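These notes are about the structure you will find just below.
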Amino acid sequence: MSLTTVLGIILGFGLFVSSVVLKTANYMLFLDFASFIMVIGGTLAATFIAFESRYVVNALKVAVSIMFVQRMGRNMLTNEVGRVIRWGYIVQKNGLPGLESDAKNLAKQDRFLNFAIDLVISGYNGGEIREILTNTVQTTFGRSVINADILRSMGNTAPAFGMIGTLVGLIIMLDSMASDPSQLGPGMSVALITTLYGVLAARLVFLPAASKIQQREEIVQFRNYLVAEGMALLAERKSPRYIQDKMNSFLDPAIHFNIDRHLKGRTS
């Protein structure tokens, strides 16, 4: 996780907790294990009913992974342009065998890029490569965002189980009210905590995790579209400078790749 993200979480959560501290000194009032189990257990049960179990397990694993730094940053997009341009020079000089030799170690590192290179080496033309890789990008994205959909569903379900827990708490409280009316206030507070847990689980865990996973998959999708265009241009034997300009058109001008600057840096 990046330092900025950590500081943002600490600041935001600190402000949230401080608002509670300013209102009461009885912090243990907000801790109730039974309420926690009811919200999380009910949410998991409903999710496993709604989705295939392997998808749910994978979504929970991916949710944990958002705590780590995203591997696909802005500078990596620039590097992708530079790599395809370098391959453009190799194809100009040594043909497709040169590309195959240079990219032989990509199979384990990047399956999408390895598949794209295989298409180029196999002799498909640019239009065919665009069509095949576009389909690959779209179907891969569709499979990947299932994790976000599942977590979003959990975020919508958790508050409902919070309300169910509140109703259960009220039923139990009313049942014991005749024998001990003094327990009405504490019983009500415990019942309401379940609703609080449901809302917090949705708004601080499930929905934010779904949004981040969706965002990361959209970044990967964009990168794959960029690579797909580069591979199609290689198949069309476009010049390295044309490849640069066409691929740069996908990017923010601040991260454009510049052949002249790169060559100057290597010779200086």
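Because the structure is predicted, anything quoted here is derived from the model rather than measured.
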Hydrophobic cluster identity match, Met154 and Tyr55, side-chain contacts under 4.5 Å: yes
Which residues end up grouped with Val199 if you chain together Ile, Leu, Val, Met, Phe, Trp and Tyr wherever their side-chain heavy atoms are less than 4.5 Å apart? none
Contact check, side chains of Arg237 and Leu96, non-hydrogen atoms, under 4.5 Å: yes
Do Thr166 and Thr194 have a side chain donor and acceptor closer than 3.5 Å? no
If every non-hydrogen atom of Leu151 is compared with every non-hydrogen atom of Ala210, which pair is closest and at what distance? CB-CB, 3.8 Å
Val220 and Arg216: side-chain contact (heavy atoms from CB on, under 4.5 Å), yes or no, with the steps? CA-CA 6 Å; Val220 172; Arg216 288 187 173 185; 5.7 Å; no
Could you tell me whether Arg241 and Asp260 have a side-chain N and a carboxylate O separated by less than 4.0 Å? yes
Value for CD1 (Ile243) from CG (Asn248), rounded to nearest 0.5 Å, stands at 11.5 Å
Could you report the tightest heavy-atom contact between Ile117 and Ala103, atom names first, then the distance? CD1-CB, 3.3 Å
Just to verify, what does Asp149 make a salt bridge (Lys or Arg N to Asp or Glu O under 4.0 Å) with, not counting sequence neighbours? Arg152
Residues in side chain to side chain contact (heavy atoms under 4.5 Å, CB included) contact with Glu131, at least two apart in sequence or another chain: none
Between CD of Gln92 and CG of Leu99, what distance do you get to the nearest 0.5 Å? 13.0 Å
How would you list, by chain and number, every residue that makes a side chain to side chain donor-acceptor pair (under 3.5 Å) with Glu218, sequence neighbours excluded? Gln214
When the side chains of residues 47-54 are checked against the rest of the protein, which donor-acceptor pairs come out under 3.5 Å, sequence neighbours left out?
residue: Thr47; atom: OG1; partner: Thr43; partner atom: O; Å: 2.7

To the nearest 0.5 Å, tell me how far Asn79 CG sits from Arg83 CZ. 8.0 Å
Of all the heavy-atom pairs spanning Gly155 and Ala202, show the shortest one and how long it is. O-CB, 3.0 Å
Can you get from Val145 to Val137 by hopping between Ile, Leu, Val, Met, Phe, Trp and Tyr side chains that sit under 4.5 Å apart? no
Can you name the nearest heavy-atom pair linking Ala235 to Gly126, along with the distance? CB-N, 4.1 Å
Taking only residues two or more places apart in sequence, or in another chain, which ones meet Ser144 in a side chain to side chain contact (heavy atoms under 4.5 Å, CB included)? Thr140, Glu217
Euclidean distance, Lys238 NZ relative to Leu233 CG, rounded to 0.5 Å: 7.5 Å
Apply salt bridge (Lys or Arg N to Asp or Glu O under 4.0 Å) to Arg130 and list each qualifying residue two or more places apart in sequence or on a separate chain. Glu229, Glu236
Any pair with a residue in residues 117-171 that passes ring-ring contact (aromatic ring centres under 6.0 Å, His included), sequence neighbours left out, goes on the list, sorted by first then second residue, please. none
Run the side-chain contact (heavy atoms from CB on, under 4.5 Å) test on Thr78 and His256 for me, step by step, so that the C-alpha distance in whole Å, both residues' side-chain angles and the decisive distance to 0.1 Å come before the verdict. CA-CA 6 Å; Thr78 307; His256 278 185; over 6 Å; no
Spacing of Ser65 atom OG and Leu60 atom CG [to the nearest 0.5 Å]: 11.0 Å
Working to the nearest 0.5 angstrom, can you tell me the gap between Thr136 OG1 and Leu119 CG? 7.5 Å
How would you list, by chain and number, every residue that makes a side chain to side chain contact (heavy atoms under 4.5 Å, CB included) with Asp102, sequence neighbours excluded? Arg86, Trp87, Ile90
ring-ring contact (aromatic ring centres under 6.0 Å, His included) pairs, two or more places apart, involving residues 192-250: none
In terms of hydrophobic clusters joined by side-chain contacts under 4.5 Å, are Leu204 and Leu207 together? no
Would you check if the side chain of Asp252 reaches a backbone N or O of Ile255 as a donor-acceptor pair within less than 3.5 Å? no
Note, Phe257 side chain near Glu80 side chain (heavy atom, < 4.5 Å): no
Ile40, Leu167: one ILVMFWY side-chain cluster at the under-4.5 Å cut-off? no
Which heavy atom of Ile150 sits nearest to which heavy atom of Val56, and what is that distance? CD1-N, 3.9 Å
Quick check on the hydrophobic clustering: are Met163 and Ile37 connected, directly or via other members, by side-chain heavy-atom contacts under 4.5 Å? no
Would you confirm whether Thr139, through its side chain, and Asn135, through its main-chain N or O, come within 3.5 Å as a donor-acceptor pair? yes
Please report the closest heavy-atom contact between Pro240 and Ile259, naming both atoms and the distance. O-CD1, 3.7 Å
Would you please name every residue forming a side chain to side chain contact (heavy atoms under 4.5 Å, CB included) with Asn147, sequence neighbours left out? Asn58, Ala59, Val62, Ile213
Measure the shortest side-chain to side-chain distance between Leu251 and Val81 over non-hydrogen atoms and say whether it is less than 4.5 angstrom. yes
Sequence-distant partners of Asp118, salt bridge (Lys or Arg N to Asp or Glu O under 4.0 Å), two or more places apart: none
